[in-house]
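Working notes for the structure below.
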There are 2 protein chains.
Amino acid sequence: MRQAFRRAAGEPDHSRLYRLLQGAIDSEQLTPGLRLPSSRQLAQTLGIARNTVVHVYAQLALEGSLRAGVGRGTYVSAAAAVLSVGDLEPAHGAGAQLSTTTRLRLLSRRGTALLDGANAASLQWGAFTPGVPEVRLFPSLTWSRLQARLWRQVTPPQLSYATSGGDAGLRYAIAEHLREHRGMNCTAEQVVVTSGTQQSLHLVAQLLADPGDAVWIEDPGYWGARSVFGALGLKPVPVGLDAEGLSPSPRQLKAPPRLMFVSPAHQYPMGVLMSQPRRRQLLDYAALRGVWVIEDDYDSDFRYASRPLPALQKQDRHGRVIYLGTFSKTLFPAMRLAYLVLPPALVDPFARALSELYREGQTPQQAVLARFMSEGHYANHIRRMRGVYGARHDQLLLEIKRHFGSQLPVFGGDAGLHLVLGLPKALADQAVAQAVADAGVSTRPLSIYSLKRHAPIQGLLLGYGAVDEADIARHFATLVRVVQARMRSV
Amino acid sequence: MRQAFRRAAGEPDHSRLYRLLQGAIDSEQLTPGLRLPSSRQLAQTLGIARNTVVHVYAQLALEGSLRAGVGRGTYVSAAAAVLSVGDLEPAHGAGAQLSTTTRLRLLSRRGTALLDGANAASLQWGAFTPGVPEVRLFPSLTWSRLQARLWRQVTPPQLSYATSGGDAGLRYAIAEHLREHRGMNCTAEQVVVTSGTQQSLHLVAQLLADPGDAVWIEDPGYWGARSVFGALGLKPVPVGLDAEGLSPSPRQLKAPPRLMFVSPAHQYPMGVLMSQPRRRQLLDYAALRGVWVIEDDYDSDFRYASRPLPALQKQDRHGRVIYLGTFSKTLFPAMRLAYLVLPPALVDPFARALSELYREGQTPQQAVLARFMSEGHYANHIRRMRGVYGARHDQLLLEIKRHFGSQLPVFGGDAGLHLVLGLPKALADQAVAQAVADAGVSTRPLSIYSLKRHAPIQGLLLGYGAVDEADIARHFATLVRVVQARMRSV
């Protein structure tokens, strides 16, 4: 012992002794039940302060490795009898083999399924990444100033846990914005602030649906919703689109789902605007059949040729619509703030479930955003960005027409942050997207938005949010070279 | 029409006409198929600009309420044939009654179960709210300064979506802190940053367990984990404690769970420190039986009488431990940043699932925190708070002894942010906690931490994190009055 102690030099006595004893107990060099020398004795033997030994014994006793005997003396603990791993019988009679199998399966079945269907891309910036806004034009200085102002007078409740559905000022500002810009009938009390649309979707799926329940999703549609629904045990039912929006078949109509997920203002990703008659029909159907309608209004603030349409929520007379909004597109994605507008009866359950499952928070950031909105910066920024995106949209459309004429169809409507360029049926869009990426341009293949084995249309999503107007022609030319080479070779 | 148009005064012509036509179509005053007057005609009739009518017709056509005929003329759209709600047959032959029932059940079964078991409290500040740190001593000025510095040079990727497991600097700083202060063997690559421990738990339960899988939880134990596991379809199995920590029965040992959730450094809420022998036994068992061990190390930085013990993760030689850390206790809860330290094989699946299910983010805040840590403010703050909490801990213990002597047991160890005051068996702790709350003091009844119908101990959790040392005596005296009155009356 003395020798081992000496060898480990350059370390304080305390930690050296602790490590040494601990290792000897671990490896059972010091066997359970063994009586250790007294602290005075050991200190003398090792030539160190007695206090050091007392301290280390106390620490090891605290950890359960040593025990002070009843009278005097310190002993190595006997391993508790409860858990004797060696004596264990296999759980299902399959012996060691079972254990090995169990250990080899690293992920759960649902985890494996989730990752097999995962689409979140690693590149999230530049031409033509879809779904990413122009964060370089975010008014950082204004934001930073409001942030500094808040932190000068931050309150304890703003830094603690929260359970009220979100910062009161932010809920008020959101409701006001929605009344003014989306024609909605809602009060601040109906707004619940979340950490992003994905969290909003988790809450909806947890609170309004049970495992095995069907959820209608647009096909092609937002794969992020599909992933959450699937992970929470719901059965996503792909429902096709026509020129008026979601178009369930007569057979589908006969089996009402528990939830229906739609993006009426600007269908994602095809850009279809849901018609008024279709809206009325879906709302009537939902009321009659007890279906919850999830309205994803992710980018309706950006419509270029006409005024944004009122939200579906506005027309809902039966309290069936759950409205989802987000700041990811209007401000910046990394903010991770979004919100739900709920029928009044659902507000309390959602706020409580949010606290219970996730804990509310980011309250300082919520308070900064409330001020950003109430001082008019939010509306100003949206107005400014509408001009910027409108110009980029027109520029990209121009390039498409210039290179392909009407040879390839374009989908997307006059709204949002992306267009869909249709490809000839003979081209596989995933391979094309890969080839385009290899040439340095980021797009997303349309087929990953579909649950159907054979996607009805092959295409590429082209985001124009994160690329300068002046650079669009150059990047698009790169894409054209790749696509034309592929078209010639089929 | 002219009359109706005139009556709605004080509104721009455009919006007045839109509203009028829209309403007439909605109410079917203008029936599907009806041909509308030409824009010139209608403009003349109403005495408004022709352009206004053209614009409104276009908007209504865009929305699908009107259609331009093939030759000339504008028509009210015929409702699409797909959805004729009136003709629908009931789904399961139960007719209108079924629909009504469906509508009345507002929440899903799992949503109802979640809220029935919910414990998140609405009061989250002051004496003696458990689990809340002293946010008034958070170095707000330093934080605000680092924040302003970041925002002066924020980059587009920091504001966009992220998919890399967290800010690189933050992952590095976390790994370094854990190596130094928790004795852990880990690299920055094993760290995945999340938006709070609840989100960490969601990921663990999704990726490593399937519905119906058993998870061992300490009883009494952290109800927040129980809620997440339950909501994701797992079967929480309450496992008792002894003086060495988690103590599964021989019967429980024969049926290995998929997951085991433990807080070895400072059992929540009882404060038991898991002994070294028990740690080794559980790790051996986990390796042999393919169990994932979730180590919740929520407040180990605050240990007053001795050094914090090394984490269980340090002793794990088989890659079975998932380590959970959080900034909610060391900094402030509303920050919503936490992290996982994972066996290397799990890092990529967890980072991808995080992106897919939630989207990563709060990247600017992550970058600020990275700087806060690398400049030493984090370690300083913890050191300072250890002194503050230590004094409050001692003060509260003193008050307990002064009023109750050894009449009531105290649990909690020399660590954390709360103590547990045991109550006589005859008192129901939930009623006592309510009476104490009515007197203005916030505590939490111990029995809500147990899954067992009859909790083995009645008690009150007393948090000393969010109360000044000087105020502890006064608030505790209030509690004493209530408890003693109750004790006399049984």
Side-chain angles (χ1 to χ4, degrees), chain A residues 59 62-65 77 79-80 82-83 85 91 102-103 107-111 115 118 120 122 124-125 132 135-136 140 144 148 151 156-157 159-161 163 195-196 198 206-210 227 231 244 247 256 275-277 281 284-285 290 332-334 336 352 355-356 358-359 361-363, chain B residues 62-65 77 79 82-83 85 91 99 102-103 107-111 115 118 120 122 124-125 132 135-136 140 144 148 151 156-157 159-161 163 195-196 198 206-210 227 231 244 247 256 275-277 281 284-285 290 306 332-334 336 352 355-356 358-359 361-363:
Chain A
Q59 180 81 23
L62 183 73
E63 299 175 15
S65 296
S77 300
V82 200
L83 285 171
V85 173
T102 314
R103 258 176 291 164
L107 300 183
S108 61
R109 282 181 296 276
R110 66 177 167 195
L115 295 179
S122 60
Q124 291 287 0
W125 180 247
V132 180
V135 294
R136 289 171 301 178
S140 306
S144 189
W151 275 94
L159 297 181
S160 304
Y161 294 100
T163 55
S195 295
Q198 296 299 98
Q206 281 282 359
L207 286 176
L208 302 181
D210 283 305
S227 290
E244 300 194 68
S247 174
S275 72
Q276 278 300 352
Q281 289 171 323
D284 286 349
Y285 178 78
F332 60 91
R336 301 283 83 217
R352 285 174 59 216
S355 291
E356 190 72 16
Y358 297 104
R359 315 276 176 257
Q362 298 180 258
T363 327
Chain B
L62 184 72
E63 298 175 16
S65 297
S77 299
V82 200
L83 285 171
V85 172
S99 304
T102 314
R103 258 177 291 165
L107 300 183
S108 61
R109 281 182 296 277
R110 65 178 167 195
L115 295 179
S122 59
Q124 291 286 0
W125 179 248
V132 181
V135 294
R136 290 170 300 177
S140 306
S144 189
W151 275 94
L159 298 181
S160 304
Y161 294 101
T163 55
S195 295
Q198 297 298 99
Q206 281 283 359
L207 286 176
L208 302 180
D210 282 304
S227 291
E244 300 194 71
S247 175
S275 72
Q276 278 300 353
Q281 289 172 322
D284 286 350
Y285 178 78
S306 55
F332 60 90
R336 302 282 82 218
R352 286 174 59 217
S355 291
E356 190 71 17
Y358 297 105
R359 313 276 176 258
Q362 299 179 255
T363 327

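The structure displayed is predicted, hence computed values, not measured ones. Residue numbering restarts at 1 for every chain, and letters A, B, ... go by the order of the sequence lines.
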Item to complete: Would you tell me whether Glu244(A) and Ser275(A) have side-chain atoms, one donor and one acceptor, within less than 3.5 Å of each other?
Response: yes

Discussion item. So for Arg359(A), is it side chain, backbone, both, or neither that comes closer than 4.5 Å to the heavy atoms of chain B?
Written reply: both

Worksheet item: With respect to chain B, which residue among Pro157(A), Ser65(A), Ser355(A) yields the maximal number of heavy-atom pairs within a distance under 4.5 Å?
Response: Ser65(A)

Item to complete: Could you check which of Gly196(A), Ser160(A), Ser195(A) has the highest count of heavy-atom pairs closer than 4.5 Å to chain B?
Response: Ser160(A)

Item to complete: Could you look at Arg136(A) and say if it's the side chain, the backbone, both or neither that has a heavy atom under 4.5 Å from chain B?
Response: side chain

Worksheet item: Is chain B contacted by the side chain of Pro156(A), its backbone, both, or neither, given a heavy-atom distance below 4.5 Å?
Response: both

Worksheet, complete the sentence: Here the pair of heavy atoms bringing Arg110(A) nearest to Ala209(B) is NE-O, 2.9 Å

Worksheet entry | Closest non-hydrogen atom pair between Pro256(A) and Tyr285(A), with its separation | CA-OH, 3.3 Å

Worksheet item: Can you tell which of Ala334(B), Gly111(B), Gly361(B) has the highest number of heavy-atom pairs within less than 4.5 Å of chain A?
Response: Ala334(B)

Discussion item. So does Ala231(B) get a backbone contact from the side chain of Gln206(A), meaning a donor-acceptor N/O pair under 3.5 Å?
Written reply: yes

Worksheet, complete the sentence: Most contact-rich option vs chain A, by heavy-atom pairs under 4.5 angstrom, among Leu159(B), Leu115(B), Val132(B), Val135(B), is Leu159(B)

Response to the item:
CD (Gln362(B)) and CZ (Arg336(B)) are apart, to the nearest 0.5 Å, by 8.5 Å

